[in-house]
Amino acid sequence: MADKKKMSVEDILAACRTENSSGDGAKSEESAKPAESEAPSSETPSAAAPAKKAAEMSVEEMLAAARGGKGAAKAEKKPAAKPEAAAAPAKKAAAMSVEEMLAAARAGTGAGKKEKKAAAKPKAAAKPAAAKKGAPKKAGAAGPIDTQSILAAARTSAKAGPMSKAEAAAKGSPTAAKGSPAAKKKSAPAMPKKPAYAKAAPKKSKANEASRRGFIAAVSGCIGFFVGASMNVGFTALGLTGLIGSLGVARFFFPNILIEPPTKFKAGFPAELSTGQVETKYKAQFGVWIVRAAVEGQLQIYALSTVCTHLGCTPNWLEAEQKFKCPCHGSGFYKDGVNFEGPAPRPLERYAISVAADGQLEIDKSRTFQDEMGQWSDPACYVVPV
Ligand code: FES
């Protein structure tokens with residue numbers, strides 16, 4: 001018994017395989033011995049279980065014996081509660097394959113856990129602290145081993161239990177390689193080579209830089225010139241507008257004056273005029289005809305107005321017809337100024353005429369004389385030549 005308790009799981013599995021391969025003869029001999037020694041024995045179930053021979057023990061029983069008899073003791077405590085679970089391990093190890101044994105070992109582990117819950121807790125308290133923290137269990141130790149460790153130990157002789165990241169990285173695990181800095185360095189892509197056109201890019205020479213700056217300066221100068229010229233034109237126009245406005249304001253302070261020709265003018269000597277002559281050279285400048293002719297049997301020199309008495313047009317002297325003819329409406333006037341045709345309602349007017357101190361005829365347009373009013377008889381409106 002003592003030797004069986006110290007056996008590891010691998011040893012138990014190896015023993016199962018060897019017994020399986022040794023034949024049924026030994027089994028029959030060992031199976032001839034019933035569990036008589038177990039039943040009447042007053043020993044504890046955990047002590048009695050290893051007493052079974054390997055041929056009669058199921059895998060679960062063997063694993064329980066390897067763990068220190070805990071599982072076996074629990075299984076014996078409740079045999080009637082789970083008859084199916086008890087019947088399953090009844091399969092002999094000789095007829096089981098390795099996979100079946102491992103499946104039975106897993107089932108036994110689960111059964112052991114369930115039995116642990118039903119059993120008293122002091123047994124769990126007896127578990128070593130290192131085992132609670134998940135420390136790797138040594139192969140062949142008497143304490144309980146989890147299913148993964150058992151399976152890992154069954155597959156290989158490597159250390160049971162989960163691996164750390166460092167161990168996984170050492171083994172070349174893909175999950176560890178992804179997170180490690182070494183893997184990042186390896187996965188970083190190589191820098192591409194510099195293209196040929198980038199290498200052959202021409203450097204900015206001083207001449208190009210100078211020409212570029214010169215071009216920019218020329219463009220800036222042109223823009224400044226046009227802007228300055230536009231501003232000059234604008235300011236000049238503004239100044240001219242202001243000047244014109246100032247002149248208009250200044251003109252406002254001066255009154256409008258109509259500059260007229262003088263009302264008096266001299267028309268030469270009386271002897272220069274022949275009898276029956278009509279002088280027309282003062283018509284355009286002074287609006288006066290000077291006539292030397294006989295009026296009612298008296299030779300006179302008088303000054304006639306050139307304004308038609310109809311609507312104010314200027315008639316013309318027609319020498320061939322010896323009359324004044326208005327071009328506007330056809331009024332006709334004799335040489336003495338009396339109207340005889342057309343719409344003119346009255347004769348032409350006379351201006352005052354006198355002989356100046358120098359002997360010349362002087363005409364004063366500020367004074368007028370009208371025939372219809374009997375003013376032509378006034379000596380102020382004619383001169384009698386000597
Ligand atoms: Fe001289 Fe009418 S204005 S005829």
Side-chain angles (χ1 to χ4, degrees), residues 244 247-248 250-386:
I244 292 170
L247 291 175
R251 177 68 181 85
F252 175 76
F253 291 101
F254 293 93
N256 292 326
I257 300 173
L258 178 61
I259 301 175
E260 294 181 348
T263 56
K264 288 183 178 180
F265 66 95
K266 291 182 177 178
F269 294 99
E272 295 175 353
L273 296 173
S274 59
T275 304
Q277 180 183 355
V278 176
E279 184 58 59
T280 59
K281 64 178 179 182
Y282 302 107
K283 175 187 174 183
Q285 185 177 4
F286 298 104
V288 175
W289 286 300
I290 298 175
V291 182
R292 181 174 175 160
V295 178
E296 296 179 357
Q298 185 184 15
L299 185 63
Q300 297 179 354
I301 298 175
Y302 49 90
L304 288 176
S305 171
T306 60
V307 177
C308 177
T309 56
H310 178 218
L311 291 178
C313 291
T314 303
N316 297 313
W317 169 248
L318 302 180
E319 185 66 26
E321 297 179 12
Q322 292 292 306
K323 66 176 182 182
F324 298 101
K325 187 67 175 181
C326 182
C328 294
H329 306 98
S331 296
F333 303 90
Y334 294 118
K335 188 180 286 184
D336 56 1
V338 176
N339 58 301
F340 67 94
E341 63 179 355
R346 57 184 179 88
L348 296 175
E349 294 180 359
R350 289 184 181 185
Y351 291 120
I353 185 172
S354 62
V355 177
D358 59 354
Q360 293 190 50
L361 297 172
E362 187 178 47
I363 292 93
D364 186 6
K365 293 181 64 177
S366 61
R367 296 176 64 189
T368 57
F369 299 86
Q370 298 179 5
D371 184 35
E372 69 272 16
M373 295 180 69
Q375 295 174 350
W376 280 8
S377 60
D378 190 343
C381 66
Y382 62 91
V383 173
V384 177
V386 179

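Atoms within a ligand are numbered from 1 in the order they appear, just like the ligands themselves.
- Side-chain N or O atoms of Y302 include none that pairs as donor or acceptor with a backbone N or O of R350 at under 3.5 Å.
- Not counting sequence neighbours, the partners of Q360 by the side chain to side chain donor-acceptor pair (under 3.5 Å) test are D358.
- A distance-only check finds no donor-acceptor pair linking the side chain of D371 to the backbone of P347 [under 3.5 Å].
- Listed by chain and number, H310 ND1, H329 ND1 are the protein N/O/S atoms closer than 2.8 Å to atom 2 (Fe) of ligand 1, with waters left out.
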Check the pair W317 / L304 against side chain to side chain contact (heavy atoms under 4.5 Å, CB included), numbers first and verdict last.
CA-CA 12 Å; W317 169 248; L304 288 176; over 6 Å; no
Identify every side-chain donor-acceptor pair in residues 287-297 under 3.5 Å, counting partners at least two apart or on other chains, and give the distances.
| residue | atom | partner | partner atom | Å |
| --- | --- | --- | --- | --- |
| R292 | NH1 | P270 | O | 3.0 |
| R292 | NH1 | L273 | O | 2.7 |

Which atom pairs, one a donor and one an acceptor, fall under 3.5 Å between side chains of residues 308-316 and the rest of the protein, sequence neighbours left out?
| residue | atom | partner | partner atom | Å |
| --- | --- | --- | --- | --- |
| T309 | OG1 | R346 | O | 2.7 |
| H310 | ND1 | H329 | ND1 | 3.0 |
| N316 | OD1 | K283 | NZ | 3.1 |

